[in-house]
Amino acid sequence: MIDLHTHSTASDGSSTPAELVEQAKAAGLSAVALTDHDTVAGNAEAMEAGKQLGIEVIPGCELSVASPDGAGWLHIVGLWVPENPEDLQTAFDWLHDGRRTRNHEILDKLKSQGINITYEDVKQFAKGTVGRPHIARAMLHQGVVGSMDEAFRVWLGDHGRCYVPKRKLDPADALRLLREAGATSILAHPFTLGLKGEKLDALLAELKEMGLQGMEVHYTEHSEGDTKRFLQAAEHHELLVSGGSDFHGMAKPKTRIAVGKGGLHVPDELLETMKQSRREQGLWVTEAPVHEEALSAAQ
Ligand code: AMP
Ligand code: ZN
Ligand code: FE
Ligand code: FE
């Protein structure tokens with residue numbers, strides 16, 4: 001089993017990159033990708049932990065992107081993102097600037113509703129990319145809400161009272177930056193698009209034209225029907241098939257690494273297919289660690 005979508009304390013997960021890799025190993029995964037929001041800051045630590053523990057770690061990220069019509073948003077996961085992705089780093093910085101302004105706007109809105117949370121309160125819960133989950137944790141800590149879910153449902157979520165949209169990259173720019181960095185681009189959790197049939201096909205054709213290489217067919221919120229139709233769509237548009245839990249640790253306690261909410265199973269073969277595609281493009285790949293038992297058996 002593999003898991004190609006996870007978050008650490010480098011963004012809004014609760015496990016450090018090294019802890020996350022330990023959890024992946026304990027869950028029996030053969031490979032895990034770290035895909036923190038708008039950053040690669042946790043990747044070096046995760047890869048080092050992977051070496052120590054004997055589990056393949058794929059360095060990744062998850063980008064906040066506008067939908068091509070500009071009306072909505074997409075998340076694009078990048079896999080095999082290099083350690084110092086120069087132009088991509090400029091994009092991360094731009095997104096982080098936008099997040100800072102947005103976080104202050106959210107706090108101002110909360111204040112106008114009589115809820116006093118300072119940026120310093122929020123920062124206590126964040127080590128890397130600061131987002132709504134950290135504001136939610138500060139609210140929970142101060143007893144303003146009873147749960148993270150309530151913080152999102154009533155206040156911070158897309159339909160919440162203090163919602164502020166996030167700065168997003170243009171999709172063509174995002175896909176170009178990932179391609180130029182030599183990363184493999186994956187459309188994350190496609191169910192969030194709320195599209196079916198021709199509309200889904202039109203969007204996928206447009207993104208593919210911009211350079212999209214794969215789609216997350218296996219995702220914990222996908223019903224069996226979703227998985228089937230996204231698999232068909234991936235085949236139709238010649239997109240690589242990916243999958244992951246979107247693990248966030250205690251920030252999303254119902255979603256576990258590897259298995260998501262219980263039923264997720266992302267097969268190893270998908271990783272091999274992606275790596276084969278990368279080799280054919282002359283791109284680098286991570287290698288599965290050589291097991292000591294296998295070594296001694298060969299001697
Ligand atoms: P942001 O990137 O600041 O817009 O925050 C979005 C993140 O909030 C998502 O990636 C999720 O990790 C998290 N999130 C969204 N809804 C919830 C929820 N109901 N409970 C906990 N975390 C959530
Ligand atoms: Zn997140
Ligand atoms: Fe996402
Ligand atoms: Fe995610």
Side-chain angles (χ1 to χ4, degrees), residues 2-17 20 23-24 32-43 46 58-67 72-79 81 92 95-96 98-99 102-103 106 122 125-138 140 148-149 151-152 156-158 160 163 165-169 171 174-175 178 183-194 207 212 214-222 226 230 242-261 264 266:
I2 56 175
D3 190 338
L4 302 180
H5 187 158
T6 69
H7 297 270
S8 75
T9 48
S11 64
D12 56 6
S14 70
S15 306
T16 65
L20 183 146
Q23 286 160 323
V32 65
L34 182 63
T35 57
D36 275 307
H37 297 283
D38 309 327
T39 185
V40 292
N43 289 352
I58 297 122
C61 67
E62 183 175 18
L63 288 175
S64 313
V65 176
S67 55
W73 56 271
L74 314 168
H75 283 174
I76 305 281
V77 160
L79 298 175
V81 182
F92 291 154
L95 290 168
H96 281 236
R99 280 179 175 275
R102 175 207 198 204
N103 289 333
I106 295 173
V122 175
F125 297 91
K127 286 190 186 158
T129 305
V130 187
R132 286 180 288 170
H134 306 107
I135 300 177
R137 264 184 258 175
L140 188 60
M148 294 282 287
D149 266 340
F152 273 88
L156 309 173
D158 297 16
Y163 175 68
K166 184 164 62 179
R167 181 180 282 183
K168 302 171 212 66
L169 290 170
L175 291 165
L178 288 172
T184 298
S185 53
I186 308 286
L187 176 64
H189 38 65
F191 83 102
T192 55
L193 302 168
L207 293 173
L212 182 72
M215 174 160 66
E216 229 166 48
V217 168
H218 303 276
Y219 191 81
T220 200
E221 314 282 341
H222 286 172
D226 287 337
F230 289 131
S242 188
S245 65
D246 212 352
F247 176 69
H248 280 72
M250 292 322 292
K252 261 190 199 169
K254 287 180 200 139
T255 304
R256 286 179 287 151
I257 203 159
V259 296
K261 288 185 177 156
L264 186 71
V266 187

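When a residue number appears, it is its place in the shown sequence, counting from 1. Just so you know, ligand 1 is whichever comes first in the structure, and atom 1 is the first atom listed for that ligand.
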Metal site the Fe ion (ligand 4): N/O/S of H5 inside 2.8 Å: yes
Restricting to N/O/S atoms, is H75 within less than 2.8 Å of the Fe ion (ligand 4) or not? no
Taken to the nearest 0.5 Å, the spacing of M215 CE from S185 OG works out to 12.5 Å
Taking NZ in K127 as the centre, count heavy atoms belonging to other residues, nucleotides or ligands within less than 6.0 Å. Is the count above 12? no
Does CZ in R167 sit with more than 12 non-hydrogen atoms of other residues, nucleotides or ligands closer than 6.0 Å? yes
How about H37: does one of its N, O or S atoms come closer than 2.8 Å to the Fe ion (ligand 3)? no
With rounding to 10 degrees, E62 OE2, the Fe ion (ligand 3) and H189 NE2 define an angle of 100°
May I ask you to check whether H7 brings an N, O or S atom to under 2.8 Å from the Zn ion (ligand 2)? no
Could you tell me whether any N, O or S atom belonging to D246 is less than 2.8 Å from the Zn ion (ligand 2)? no
Basic-acidic side-chain contact under 4.0 Å: D3, R256: no
R132 vs D158, test: salt bridge (Lys or Arg N to Asp or Glu O under 4.0 Å). Steps then yes/no. CA-CA 11 Å; R132 286 180 288 170; D158 297 16; 3.2 Å; yes
Using only N, O or S atoms, tell me which atom of D246 is closest to the Fe ion (ligand 4). OD1
H37 NE2 and D12 OD1 subtending at the Zn ion (ligand 2) (10° steps): 90°
In the structure I gave you, are the side-chain heavy atoms of H248 and T255 within less than 4.5 Å of one another anywhere? no
